[in-house]
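Throughout, protein chains are lettered first and strands after them, A, B, ... in sequence-line order, and every chain is numbered starting at 1. Both backbone and side-chain heavy atoms feed into the values below; hydrogens, waters and symmetry mates do not.
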There are 2 protein chains.
Amino acid sequence: MLTQAAARSTSIKGQAVQAGPPAWGKELAEAIDFIGSPMSFSRDSEIYSEGEPADYLYKVVSGTVRTYKVLADGRRQVGGFYLAGDIFGLETTDEHTFWAEAITACDVLVIKRSALVALAARDHDVAGQLWTITGKELHRVQDHIMLLVKSAQERVAAFLLEMSQRVSTGDAVELPMSRQDIADYLGLTIETVSRTLTLLVNASTIELSSSRRIVLRNRPALSRLNG
Amino acid sequence: MLTQAAARSTSIKGQAVQAGPPAWGKELAEAIDFIGSPMSFSRDSEIYSEGEPADYLYKVVSGTVRTYKVLADGRRQVGGFYLAGDIFGLETTDEHTFWAEAITACDVLVIKRSALVALAARDHDVAGQLWTITGKELHRVQDHIMLLVKSAQERVAAFLLEMSQRVSTGDAVELPMSRQDIADYLGLTIETVSRTLTLLVNASTIELSSSRRIVLRNRPALSRLNG
DNA sequence: CGACCATTTGATATGGATCAAGCGATGTGG
DNA sequence: CCACATCGCTTGATCCATATCAAATGGTCG
């Protein structure tokens with residue numbers, strides 16, 4: 001990112017930065033793939049807990065991960081869903097502030113944070129890429145905030161569009177997570193999520209081949225709902 | 001942060017990191033104070049706009065700044081309030097994703113991002129500190145999310161406790177922002193914010209010397225509300 | 001003093017939560 | 001292979017917290 005930003009300052013549009021995933025350079029990606037230890041987690045198993053030392057960074061190889069927090073009264077807030085290729089567990093505090101759990105059976109790469117930090121001290125690109133990942137996560141969380149102040153329909157529409165970008169096979173979206181997970185991510189109840197989905201079905205905006213498989217029939221309508 | 005993290009890994013508690021504000025090392029703070037250009041903004045004036053190239057970083061010297069976004073239908077969501085000493089405008093995207101406005105008359109230091117990036121390329125500490133700031137902002141935004149799924153009373157209580165930590169003179173909190181700003185930060189209406197405050201007054205939890213000056217009479221009660 | 005703006009207070013409406021029941025898929029044991 | 005339990009999801013009825021609409025109050029500045 002440091003080099004990317006430097007390059008950007010010499011090019012007017014800096015479009016090159018946007019081109020081709022992943023957005024962070026290959027040094028970090030390679031480092032993670034090289035020094036990361038593969039681990040497997042079964043469905044619903046804990047990957048790390050709130051308050052645990054944040055000594056590791058995680059990269060999803062396969063499966064889906066949720067991060068969440070539980071409030072004093074038991075309400076659960078899902079912070080995010082992480083799919084293959086996504087990095088999670090990134091904290092700059094000493095301890096994890098969320099829990100992380102495997103939604104499905106998962107393979108992840110685990111990397112010691114101190115190893116990355118040491119690498120970053122030698123390689124400016126890696127340092128910049130660490131910064132970039134954090135910045136992307138920040139951006140994602142800010143988008144999440146914008147979700148939480150919208151109406152139920154807007155939240156669900158935004159969620160479907162987001163997921164379709166991430167797991168899309170054409171217009172079909174295969175959801176790895178339950179209605180409860182979705183509800184806790186969107187700050188709604190399962191009943192409201194369910195009702196909102198049937199509303200969208202009745203409006204022919206989506207189709208529910210099965211409860212976990214949703215076909216987007218009318219993206220413009222979803223985008224319009226997205227506000 | 002890189003060095004801090006390294007130091008942390010050799011000390012068990014890493015308490016030194018927590019001790020003494022500001023939490024980021026002095027290299028970056030000094031750099032900003034040294035190379036930053038002072039600028040003044042009058043009340044309600046725009047500092048930057050959404051979509052504007054994010055070429056600068058800002059540090060508040062005096063006054064208060066709000067960042068916000070406006071949804072298609074005109075609803076406004078305040079992303080954060082920045083007080084003296086706070087850094088804002090930090091983005092890893094090319095463009096600002098929020099608006100920034102002076103709530104009160106403000107003095108800020110403006111720093112070219114490319115200058116900091118260049119500095120970071122030479123000085124690992126600066127690079128780490130840039131990362132740290134971003135991580136702190138990420139943490140702040142995650143806390144904001146937790147706010148937005150709580151009840152009105154809980155949101156207002158959390159807001160008061162947060163502000164008291166930031167502008168406290170004992171138990172008195174001098175709010176620089178309007179009820180509308182607070183409402184848009186908490187995802188509530190001004191009426192609900194106002195009603196909730198009177199509720200807290202009636203419960204002798206707080207006192208309203210004036211609408212902008214709030215005395216916290218019972219912090220434990222507020223903390224309990226905070227969930 | 002009077003105009004203006006921010007805030008509070010009041011009356012009513014409503015979106016989503018809650019409580020409760022039904023339904024369909026999946027799995028298990030007889 | 002079929003009764004039956006279980007689990008995730010949907011649907012229904014009702015309630016309630018907060019929004020909305022409207023008016024009153026209060027503080028500030030010319």
I'd like to know whether CZ of B:R43 has more than 12 heavy-atom contacts from other residues, nucleotides or ligands below 6.0 angstrom. no

When we call it a touch if two heavy atoms are under 4.0 Å apart, what does B:S210 touch: a base, just sugar-phosphate, or nothing? nothing

Show me, pair by pair, the donor-acceptor contacts under 3.5 angstrom made by side chains of residues 141-148 of chain A, not counting sequence neighbours?
| residue | atom | partner | partner atom | Å |
| --- | --- | --- | --- | --- |
| A:H144 | ND1 | A:G79 | O | 3.4 |
| A:H144 | NE2 | A:Y185 | O | 2.8 |

Residues in contact with DNA chain D, drawn from residues 156-164 of chain B - heavy-atom cutoff 4.0 Å: none

From the options B:E154, B:K150, B:Q153, select the one residue that forms a side chain to side chain donor-acceptor pair (under 3.5 Å) with B:N226. B:K150

Show the numbers, then the answer: is there a side chain to side chain donor-acceptor pair (under 3.5 Å) between B:Q77 and B:Y68? CA-CA 5 Å; B:Q77 177 61 38; B:Y68 67 92; over 6 Å; no

To the nearest Å, how far apart are A:R213 CZ and C:dA25 C1'? 17 Å

Contact list please: residues 62-79 of chain A against DNA chain D, heavy atoms, distance less than 4.0 Å, in numerical order. none

Scoring nucleotides 2-11 of chain C by protein non-hydrogen atoms under 4.0 Å (B base, S sugar-phosphate only, - none) yields -----SBBBB

Output field: ring centroids A:Y48/A:F98 closer than 6.0 Å: no

Side-chain polar contacts of residues 198-205 of chain B - donor-acceptor pairs under 3.5 angstrom, sequence neighbours left out - could you list them?
| residue | atom | partner | partner atom | Å |
| --- | --- | --- | --- | --- |
| B:T198 | OG1 | B:S194 | O | 3.1 |
| B:T198 | OG1 | B:R195 | O | 2.7 |
| B:N202 | ND2 | B:T198 | O | 3.3 |

For B:T192, which residues count as a side chain to side chain donor-acceptor pair (under 3.5 Å) partner, sequence neighbours excluded? B:T189

Would you kindly say whether A:E50 and A:T97 are connected by a side-chain donor-acceptor distance under 3.5 Å? no

Starting at atom CG of B:L186, determine the distance to atom C1' of D:dA17, rounded to an integer number of angstrom. 16 Å

So, A:S164 versus A:R219: side-chain donor-acceptor pair below 3.5 Å or not? yes

Identify which one of A:K136, A:R140, A:R166, A:K59 satisfies the side chain to side chain donor-acceptor pair (under 3.5 Å) criterion when paired with A:D86. A:R166

Protein-nucleotide distance (B:Q153, atom CD; D:dC16, atom P), rounded to Å: 16 Å

